[in-house]
Amino acid sequence: MASGSRDLCKQWTSIADHELTLDTIRSTLQPINDDLWVVAACVDRILDNVETQRELLELGLERSESALERGKNVFSVSSEVGVAVSPAAGAECETLVSYFQDEPADAKLCYVRSVLLGRLDRLNTFVEISKESVGQDDAEEEVDAEWEDDPWDETEDKGISASGKPPLPLSSFILDDLLHSACILATRQLFSAVRSLVVRHGSYLWPLRFTILDSIPEHTHPSYYRDILPGFNPSNDVEQCFEVTPWRTEADWSELTPVQQSLTSSGVIDIEIKFSYPPLSNVNRHPDPLPSTELTSWYRRRVDCVLSATGMTDVALALVQHGGSQGVPGLDELGEELSLLSRLVYDAPAADEDDMDEDWTLDRWRAMSPPAVVNAYLLRSTPESIVMDIRRLVMPYLFVLEARAERADQPDPSLSTRLLNDYILSAPLNMVAAIFEASKPTLPSAQRLIRNDEDLARVALACLYGSNSVDQWLMMSRIFECLPAWDADPNDGIEEDEVDTTVTSLGAFVTPSTTRPRCTPADLLVFFKPLPATSLSRALDILDVHLECGEILSRWSVPAPLRWFLQSAGDEAQQRAWATRMARRAGGSDDELDTQGDWEWLLEDMIKLSGTNDAGLKSAFGLLSRTEVIRIFFSGLLSTGKFEIAKALLGSRKNALLLDDEIIEDICLASSREFYDNASSGNYRFGDMKSAYDCLTVPAQSDKIIREREFIEATSRIASFNVTSRPGIPISPIEIRLTKDRLSLISRVLSSNSDAYKYTEVILDLVHKLGFRDDVTAEVKVLAMIADTALQAEDFARAYETSEAMVNTVLQMRSSVDNVGNSKVQEASEVCWVACFQLGRQPEFNDVQKKLSLLGRALEFCPADKLADVLASWRRLESEDIEERKERLAARRSGAKTNGDSVGGRQTKRSVPSASISPSSLASRFQSLHMPELHMPSPPLVSTPDAAALASTFNRVAASFPSFSVGGRPLSVASNESGRSGRADHADVSAQATRVFQKGIGWLIGADEEE
């Protein structure tokens, strides 16, 4: 090499890549005479500038042409690409190898020439890609000028920069493997560039086409890369091949396979050229077109990848649609599924952000049952959109199901109807109303969702009677207005018995049982399915009645589901219970009835519910008579405490309450007793007790009403005495009413109040109001209780007064001719003599005259077999009086000064048994006993058996008294009463009889016996 060439070579090596220009290349490399050095210099430099890089490549090719010509002259081969070498060519290849070994410079020039040609092809491709990118940028800029805020702008997603820069550096594009570059461009969604690569370099990229397609992001819409998606050739049933248009139609001599093989075999190629990355070893190569089955499988796999990675059903659907348009078989069903799924994802009403469902996948879609799909389509529909959603979402799906069933030779004509009915039966009533309004018989058949009138009636009956709603009567009426009305044909009519049977059967069908706690609308549809049009027409008539009844019940705050009217159609008890609930709850609702007109309106509705309509169909209370309904109404009115309104209705000119006085009386008594039983306090000035008392002002004041009012007054009086049922617990009104022996309440009053016995008139009035107004025996018993209570309190004066009142009462009873031999007179007499005897023998009662009077009354009223017992006490008291008088007389005679005319506070005046006792009757009673004369010494009057008989008498009398314990200090009776007479032989009463006498009236009324 000349010295000038050496200088130029040094100058070339000192110039940096970015400093190279066209002039520098021409002035530096062209003067160098060494072709191999110049070509090596051209292949060594990789620039990013297209023009300078092209200049280098063209210069290198130009300087390698002489070596190319010499090689051609040595060895002539066919210039056709792909022509097989004949067997004779083997010797020629050996000649070429020998030539390259002899001329290593030419061999290297030929090798480098093939590299430069490949780079030039890539350079041309790069220029083409850059022009397409710039053109696309210009188009995007025009669009941006019109739509500055275009929401569908995908420029960023496609990886296209607005600056128009090449998508890849030229140096990288030349050095990198074409597959690597194609995958990068596909990932950046530069599909025009990928298309250019495939078209210009198809011979290399064809086997790697699916690797490039897999590099495309799954969310990219197939319309952007449809030109590189695989197609289908139906004539060969294989994949359609690419249309390849390389830059050079003929290969250069240096690129021919025999030449390349010869260069490799010569062993003289020692130039290290960094041409590309090592080819990827893990990629799948498909050099041959795929058969139809594998091509279909690829599309399916791509769809699964799109759905699993992004969930974008529209992208997956577009991919399948493209494959179908290219003729790829086996994608029809997949397209149907994706189309239906796409409707669900994009066309169905969207969910709120706070209620987003999980991502939809094809596997999830395929796992869903048809009813679940229908529900998913309409999950967020509204009454306004439900009809349109069914038409555009559900109907296409149902048509696809029918088509699939026909393709499977299993046609099911009722499939669509059945699935639509299933949804309607489970939908809310507002949705159902909208659907039925779109199915009216007045609409053209093509526009109706449910086209068969009988099906429409069956589904409506099932929905309404299967609904639990008690407040959507407007919706139910809307549904009813959409139902068909068949013309009645007398020949096709059904008998009334048959209607009743149907209603009864339906009522039994909807009644809950252990096997079916609730009858669903679907169950009811099975019941209505076999009914003909005539039966359905009659059922709709019944439904009309039930809807009207339901609205009435709802108006008065006692709504019932429609099925209740079926269940209660033959149950009088249920109807009565609901009527009672209606009458009582109406007055206690939020909109309380305060006027007479409101209650009259309620009565009219209740009477209406007890009647029948023009067709003879019974209403909700059809089993109840008009009178019974009025009774229930009046009772409910009273239960609300509207007594003035009740009086006004009873006296109204309209005479709405057509009830007998006895019935009104019974109702008022029952209502009053209900208030009474529920009262927590006995005071009739407030609360439920006041209502119980005021309720009795409504009817005419009969004897029953007066007695009940008095009993309430008595209850209030007892409550005012603070009577308790348990320590610290006031007695309740219900306890008072449930007390069997009401006289025991008097004893509790006397025992719980220390001064109550002082108010005899009050106590007697209380007895009268407790129900003993005409019961003289009860009055005697109560007087005995008062006397005994006074005795226990040592108030002997009041005890004596009460005893006198008791005696007078008994005398009046005995004086009546009608009472002769009456058991009540005998009972009163027995109580009276025991009470008188008890007080007359009390040693602490110092008034001997009064005591003798009481004992005289005891002798008058006691039975004959007890005269001896009473007389003994009388004689003992008389003897004591005589002894004391003797003592006083002796003292007076002896000159002793006495205190007046009494000794020891006792009266000295001799007393007789009683001035009121008839001597003749007393003598006759004495004669019947065959007793000795009074002045004669008397034997013991009472033996031990007589004492037992007296105790038996006291027990019998005590049984007629209520049991009570008397407050105050119990009295004690001297145990040596007989000893006070000074004569032991007069101890004529045994120890047992003595204890009985000492117990007093407290023992008579049931107090525990003291030992």
Side-chain angles (χ1 to χ4, degrees), residues 378 381-384 386-387 390 420-443 448-450 453-486 502-503 506-507 509-511 518-529 531 535-569 574-575 578 581-582 605 608-609 613 615 617-622:
L378 305 176
S381 297
T382 63
E384 293 76 19
I386 183 67
V387 175
I390 291 176
L420 183 59
N421 289 346
D422 289 345
Y423 171 76
I424 295 174
L425 294 175
S426 61
L429 286 180
N430 55 351
M431 297 287 193
V432 175
I435 294 173
F436 275 87
E437 287 178 345
S439 305
K440 291 181 178 180
T442 57
L443 296 175
R448 296 173 60 183
L449 290 180
I450 303 177
D453 288 349
E454 295 184 10
D455 288 344
L456 187 67
R458 293 186 182 100
V459 175
L461 288 168
C463 283
L464 294 178
Y465 281 116
S467 174
N468 290 325
S469 176
V470 294
D471 57 356
Q472 293 183 297
W473 301 106
L474 179 61
M475 291 296 172
M476 295 182 186
S477 298
R478 284 176 55 190
I479 294 173
F480 180 78
E481 291 172 358
C482 301
L483 301 181
W486 289 281
T502 302
V503 174
L506 188 55
F509 189 79
V510 299
T511 301
R518 177 180 176 270
C519 185
T520 64
D523 297 331
L524 284 170
L525 184 61
V526 175
F527 182 90
F528 288 115
K529 202 161 186 80
L531 295 182
S535 298
L536 291 174
S537 178
R538 193 66 172 177
L540 293 182
D541 294 339
I542 297 172
L543 174 62
D544 188 15
V545 175
H546 289 171
L547 286 175
E548 184 180 7
C549 295
E551 292 177 359
I552 294 175
L553 293 181
S554 179
R555 180 190 307 153
W556 300 109
S557 304
V558 284
L562 275 178
R563 71 164 66 91
W564 179 84
F565 298 100
L566 296 173
Q567 297 173 7
S568 62
Q574 280 198 53
Q575 294 185 10
W578 213 273
R581 184 180 179 189
M582 180 177 180
D605 281 346
K608 185 177 181 179
L609 292 176
N613 65 357
L617 297 175
K618 295 180 179 180
S619 293
F621 305 150

#### Entry: Nearest atoms (heavy-atom pairs only) where Ser554 meets Trp473
CB-NE1, 3.2 Å
### Atom pair CG (Leu566) and CZ (Arg563), whose distance is rounded to the nearest 0.5 Å
9.5 Å
### Query
Are any of the side-chain heavy atoms of Val459 and Phe436 separated by less than 4.5 Å?
yes
## Note on the structure
For Ala462 and Pro521, the nearest pair of non-hydrogen atoms, with its separation, is CB-O, 3.4 Å
### Query
Under the salt bridge (charged side-chain N to carboxylate O under 4.0 Å, His left out) test, which residues partner Glu481, sequence neighbours left out?
none
### Task
To the nearest 0.5 angstrom, please state how far the CG atom of Leu420 sits from the OG atom of Ser439.
7.5 Å
### Close side-chain approach of Leu553 and Leu609, heavy atoms under 4.5 Å
yes
### Query
Under a 4.5 Å cut-off applied to non-hydrogen side-chain atoms, are Met431 and Leu378 in contact?
no
### Query
Is any side-chain heavy atom of Ile552 less than 4.5 Å from a side-chain heavy atom of Arg555?
yes
### Task
Assess the side chains of Ser477 and Glu551: does a donor N or O sit below 3.5 Å from an acceptor N or O?
yes
### Message
When you compare the side chain of Val510 with that of Phe527, does any pair of heavy atoms fall below 4.5 Å?
### Response
no
### Query
Would you call Met476 and Leu543 a side-chain contact if the rule is heavy atoms closer than 4.5 Å?
no
### Query
Roughly how far, to the nearest 0.5 Å, is CG of Asn421 from CD1 of Ile435?
10.0 Å
### Taking every non-hydrogen atom, the tightest pair across Leu425 and Cys463
CD2-SG, 3.6 Å
### Summary
On a heavy-atom basis, the closest approach of Leu429 and Met475 is CB-CB, 4.3 Å
### Ring geometry between His546 and Tyr465 (parallel below 30°, tilted from 30 to 60°, perpendicular above 60°)
perpendicular
### Shortest non-hydrogen separation from Trp578 to Ala560 and the atoms involved
CZ2-CB, 3.4 Å
### Task
Walk me through it: do Ile424 and Ile450 pass the test side-chain contact (heavy atoms from CB on, under 4.5 Å)?
CA-CA 11 Å; Ile424 295 174; Ile450 303 177; 3.5 Å; yes
### Message
Contact between Ser619 and Asn613 at the side-chain level, heavy atoms closer than 4.5 Å - yes or no?
### Response
no
#### Entry: Distance, nearest 0.5 Å, that separates CG of Leu464 from CD1 of Ile479
5.0 Å
### Message
Going by the rule side chain to side chain donor-acceptor pair (under 3.5 Å), which residues pair with Thr382 if we only count those two or more places apart in sequence or in a different chain?
### Response
Glu384, Ser385
### Query
Ion pair present between Asp605 and Lys608, side-chain N to carboxylate O less than 4.0 angstrom?
no
### Query
Just by modelled atom types, is the Lys529 backbone N or O under 3.5 Å from a matching donor or acceptor in the Arg458 side chain?
yes
## Note on the structure
On a heavy-atom basis, the closest approach of Asn468 and Arg518 is ND2-NE, 3.0 Å
### Query
Which residues satisfy the salt bridge (charged side-chain N to carboxylate O under 4.0 Å, His left out) test with Asp422, sequence neighbours excluded?
none
### Task
Using ring-ring contact (aromatic ring centres under 6.0 Å, His included) as the criterion, list what pairs up with Tyr423, not counting sequence neighbours.
none
### Query
Between Leu461 and Leu531, is any pair of side-chain heavy atoms under 4.5 Å apart?
no
### Query
With sequence neighbours left out, what residues match Phe528 under ring-ring contact (aromatic ring centres under 6.0 Å, His included)?
none
### Task
Applying side-chain contact (heavy atoms from CB on, under 4.5 Å), name anything that partners Pro441, two or more places apart in sequence or on another chain.
Arg448, Asp453, Leu456, Pro484
### Asp541/Arg538 under side-chain contact (heavy atoms from CB on, under 4.5 Å): CA gap, chis, key distance, verdict
CA-CA 5 Å; Asp541 294 339; Arg538 193 66 172 177; 4.3 Å; yes
### Task
Go through Phe565 and Ile542 one step at a time and tell me if the side-chain contact (heavy atoms from CB on, under 4.5 Å) criterion holds.
CA-CA 10 Å; Phe565 298 100; Ile542 297 172; over 6 Å; no
#### Entry: Ser568 side chain to Trp564 backbone, donor-acceptor under 3.5 Å
yes
